[in-house]
Amino acid sequence: MDTKLPEPLLRAVAERRLVVLAGSGISALPPSYLPDWRGFNEALLDGIKDLALTLPALGKDAESAIRGLSLDQFPVEAFSDAVVDAFAGEGYFPVLKILDSSEPNANHHALAELARRGSLRAVVTTNFDTLLEQAFAGLPFETCITTEDYARVPLHSERTVIYKVHGSVTSTTTLVDTVTQKLRGLSLHVRERLAALFGECHTLVLGFSGSDLKFGEDYLALSAVPAHSAAVSWLLRPGATLTDGVRAVLERTGAQPLTGELPDFFHSLDIGVETAPEDRDGKLEADRRARARVADWSRELDLGPMRASVFCLILLRTSGQTYAATALAETLASLLEAAGEVHSEPVALVAAELAQVAAEVGNFELADQWAQRILRCIKGIEDRYAAEKRALPDGLRSWRDRLSAIAWFVMGLNVAAHQRFDYAQAALSEATRFARSAGNGQLLSAVCLNRAYLAGKLGLEKDRSLLLIRAAETYACEANSVQKMAEAAHYEALTLAALSEYHASEEAVARGLRYAGLGVSARTKASLAVAQADLERRRGRPDEALKTFMGILKDTEENLVVAAQYRILMAECLAFAPETRPALIEALDWVLERIKAGSSCAA
């Protein structure tokens, strides 16, 4: 490292006012070889795909759809939420034990040396692993994970303290990993301790990209670092790009980023480090162990290939891969039909996903049929319990209410598509009743948005629609659902634009795009971009609107149906602007060529 260390950092080392904020980058070196988040999630996705591929009678198209799933198709941040919501539930968190090792590396030992010299007051880490604790063995140190730990360990402890703000693999109930969890923010006692540390000490950031700052500029209480104090030293790898969150912290504190590699950086602090040589076989063995643990976890959950296939279907649907989702949906539908009129929880869950896939491609009648199948399953299960004179268990009642809400919601979409708005209102009222009983904020949000849509169709005042939209966003916020928060922001932007409230509409779009950065469906992200293009058009900036539309087309080019729909929408939106007409003609020619070639993009 060639960069001279800043004086505030050197003084903090000398005066025991150093706090290290450590991310996953410190644990990637040999011999630890812990996977980064992408590597971990790739192993997890591959394990679920392998399980799904064991489903009998998978057709060639369905198999290809499953094999083609990749983390490149959706935000890594949102993947753990999808696993929890649609596959494993609370059974997800034990698999995070993969993120541990019995071999600390040079970074961990260098931090232990800082502690041994009396320079290191605390390490604040987002990592789950126990590598720091292993490296610190033999030194006086404390570890804070639980509420009781924070009460026990004083702020000005004479020992170095390791603060594990996202929990530890030693207790899976303490782990914080999903977007939903992070949107709640860190616990108050954690934030108070971090604020006190960052306010009193110099903070050295190592192996941390700042990605968690997406969940709020002050997610880690870094606002406690005094302004213009240069009391932060943030180490970046050569060529790394500053995220918006990191840039904001550095600008506010008046600090400059450091550039260097770990563990070489520690030489500048006069700490000798011995780096284990890269070992290709060791890395391959670590990857093999991680994948074997994922396979063991899948077997222990015992959810089976059908559940894994449904999860793959959800990923395909939410990432906008309509053709692939339809191919897999047809296979699952054939399996359900072959099984006959079976009334079970797995059948109802599959039917619920098939109903949502059909609704998303506009086949509302098929969606309605699957919704009816859900209700028959529920009634069959209720009848079975009644015949045995047993009450439904609490968990099953919650499951019944959630699935009933989905069924009535889908049936409401079907009748609305046939302009039967009175029936749609009745169906959505039933969906609301069940969603409230289930305490499901995501479903309540979805119902409110569709009630807002119906209000518009019935010619009610826009204020009525806005009330429903804002209720939908409130429910979504309470449920920490970025998907529904983004959808509500999109609806609000459209409604405000129709009222010529362009500034407020722009604010809603910006809010929705911030949510989109945390992981939403491809369709929702594109819809927000369309709202942005519409505002640019209304503001008299057709060139900017065209540029925004071209970005949407680039993101949807692999899906013929969606790509055709957005080209037609672009032409409708910008037909008034002569300067955009060559691009619009080219877009419509593209659609006509696909129709002529016999594709289904006009369906």
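This one's a predicted model, so the numbers in the text were calculated from it and none came from an experiment. Residue numbers count from 1 along this sequence.
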Would you indicate whether the side-chain heavy atoms of [Y] and [X] approach each other to under 4.5 Å?
X      : Y      : value
Arg373 : Val347 : yes
Arg511 : Glu473 : yes
Lys182 : Thr178 : no
Tyr491 : Leu468 : no
Leu466 : Leu496 : yes
Val95  : Phe40  : yes
Leu528 : Tyr515 : no
Asp177 : Phe128 : yes

Which residues pass the side-chain contact (heavy atoms from CB on, under 4.5 Å) test with [X], sequence neighbours left out?
X      : answer
Glu506 : His503, Leu535, Arg539, Arg541
Asn480 : Thr180, Leu183, Arg184
Leu454 : Ala416, Phe421, Ala424, Gln425, Leu428
Thr172 : Phe93, Lys97, Leu175

Can you tell me if [X] uses its side chain to pair, donor with acceptor, with the backbone of [Y] under 3.5 Å?
X      : Y      : answer
Gln356 : Ala352 : yes
Asp149 : Ile145 : yes
Asn127 : Ser24  : yes
Ser298 : Val294 : yes
Ser445 : Ala472 : yes
Ser168 : Thr170 : yes
Ser505 : Ala493 : yes
Gln73  : Ser70  : yes

Quiz item: Does the side-chain contact (heavy atoms from CB on, under 4.5 Å) test come out yes or no for Phe364 and Val410, once each step is laid out?
Solution: CA-CA 8 Å; Phe364 294 112; Val410 169; over 6 Å; no
Exercise: identify the closest heavy-atom pair between [X] and [Y]:
X      : Y      : value
Leu444 : Arg436 : CD2-CG, 3.5 Å
Tyr566 : Ala526 : OH-CB, 3.3 Å
Ser344 : Ile381 : C-CD1, 3.8 Å

Quiz prompt | Chi angles and distances behind the side-chain contact (heavy atoms from CB on, under 4.5 Å) call for Asp368, His418 | solution = CA-CA 12 Å; Asp368 189 89; His418 289 85; over 6 Å; no
For the [atom1] atom of [X] and the [atom2] atom of [Y], what is their distance to the nearest 0.5 Å?
X      : Y      : atom1 : atom2 : answer
Met411 : Ile374 : CE    : CD1   : 8.5 Å
Leu553 : Phe549 : CG    : CZ    : 8.0 Å
Asp129 : Asp100 : CG    : CG    : 5.5 Å
Arg514 : Met485 : CZ    : CE    : 9.5 Å
His490 : Leu513 : NE2   : CG    : 10.5 Å
Leu71  : Phe79  : CG    : CZ    : 6.0 Å

Practice problem: Sorted by first residue and then second, give each side chain to side chain donor-acceptor pair (under 3.5 Å) pair with at least one member in residues 448-470; sequence neighbours left out. | Solution: Arg470-Glu492
Practice problem: Run the numbers on Val190 and Ser187 for side-chain contact (heavy atoms from CB on, under 4.5 Å), then give the verdict. | Solution: CA-CA 5 Å; Val190 176; Ser187 299; 4.1 Å; yes
Exercise. Test side-chain contact (heavy atoms from CB on, under 4.5 Å) on Trp408 and Val447 and set out the steps.
Key: CA-CA 10 Å; Trp408 283 105; Val447 173; over 6 Å; no
Exercise. State which residues pass salt bridge (Lys or Arg N to Asp or Glu O under 4.0 Å) with Arg376; sequence neighbours excluded, sorted by chain then number.
Key: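 With neighbours one apart ignored, the set is Glu341.
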Quiz prompt | With sequence neighbours excluded, residues passing salt bridge (Lys or Arg N to Asp or Glu O under 4.0 Å) with Asp534 | solution = Arg537, Arg538
Quiz item: Checking salt bridge (charged side-chain N to carboxylate O under 4.0 Å, His left out) for the pair Arg291/Asp287: CA distance, chi angles, key distance, verdict?
Solution: CA-CA 6 Å; Arg291 292 177 185 277; Asp287 289 344; over 6 Å; no
Self-check item: Residues Glu487, Lys484: salt bridge by 4.0 Å N-O rule
Solution: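 Yes, charged N to carboxylate O under 4.0 Å.
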Quiz item: Under 3.5 Å, is there a donor-acceptor pair between the Gln483 and Ser481 side chains?
Solution: no
Self-check item: Donor on one side chain, acceptor on other, Gln181 and His166, under 3.5 Å
Solution: no
Between side-chain atoms of residues 53-63 and protein atoms elsewhere (two or more places apart, or another chain), which donor-acceptor pairs fall under 3.5 Å?
| residue | atom | partner | partner atom | Å |
| --- | --- | --- | --- | --- |
| Thr54 | OG1 | Leu51 | O | 2.6 |
| Glu63 | OE2 | Arg67 | NE | 3.0 |
| Glu63 | OE2 | Arg67 | NH2 | 3.2 |

Under 3.5 Å donor-acceptor pairs involving side-chain atoms of residues 388-405, not counting sequence neighbours:
| residue | atom | partner | partner atom | Å |
| --- | --- | --- | --- | --- |
| Glu388 | OE1 | Arg390 | NE | 2.9 |
| Glu388 | OE1 | Arg390 | NH2 | 2.5 |
| Asp394 | OD1 | Arg397 | NH2 | 2.2 |
| Arg397 | NH1 | Leu392 | O | 2.6 |
| Arg400 | NH1 | Glu382 | OE2 | 3.3 |
| Asp401 | OD2 | Ser437 | OG | 2.6 |
| Ser404 | OG | Arg400 | O | 2.8 |

Could you pull out all donor-acceptor pairs under 3.5 Å where a side-chain atom in residues 304-317 meets a protein atom, sequence neighbours excluded?
| residue | atom | partner | partner atom | Å |
| --- | --- | --- | --- | --- |
| Arg307 | NH2 | Phe87 | O | 3.4 |
| Ser309 | OG | Pro305 | O | 2.8 |
| Arg317 | NE | Glu353 | OE2 | 2.6 |
| Arg317 | NH1 | Glu360 | OE2 | 3.0 |
| Arg317 | NH2 | Glu353 | OE1 | 3.3 |
| Arg317 | NH2 | Glu353 | OE2 | 3.2 |

Practice problem: Start with the C-alpha gap between Lys596 and Glu593, add the side-chain angles, then the distance that decides, and say whether salt bridge (charged side-chain N to carboxylate O under 4.0 Å, His left out) holds. | Solution: CA-CA 5 Å; Lys596 186 176 180 180; Glu593 286 170 7; over 6 Å; no
Quiz item: Considering residues at least two apart in sequence or located in another chain, which fulfil the side chain to side chain donor-acceptor pair (under 3.5 Å) criterion with Arg289?
Solution: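 Arg289: no side chain to side chain donor-acceptor pair (under 3.5 Å) contacts found.
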Quiz item: Ser64: what forms a side chain to side chain donor-acceptor pair (under 3.5 Å) with it, not counting sequence neighbours?
Solution: none
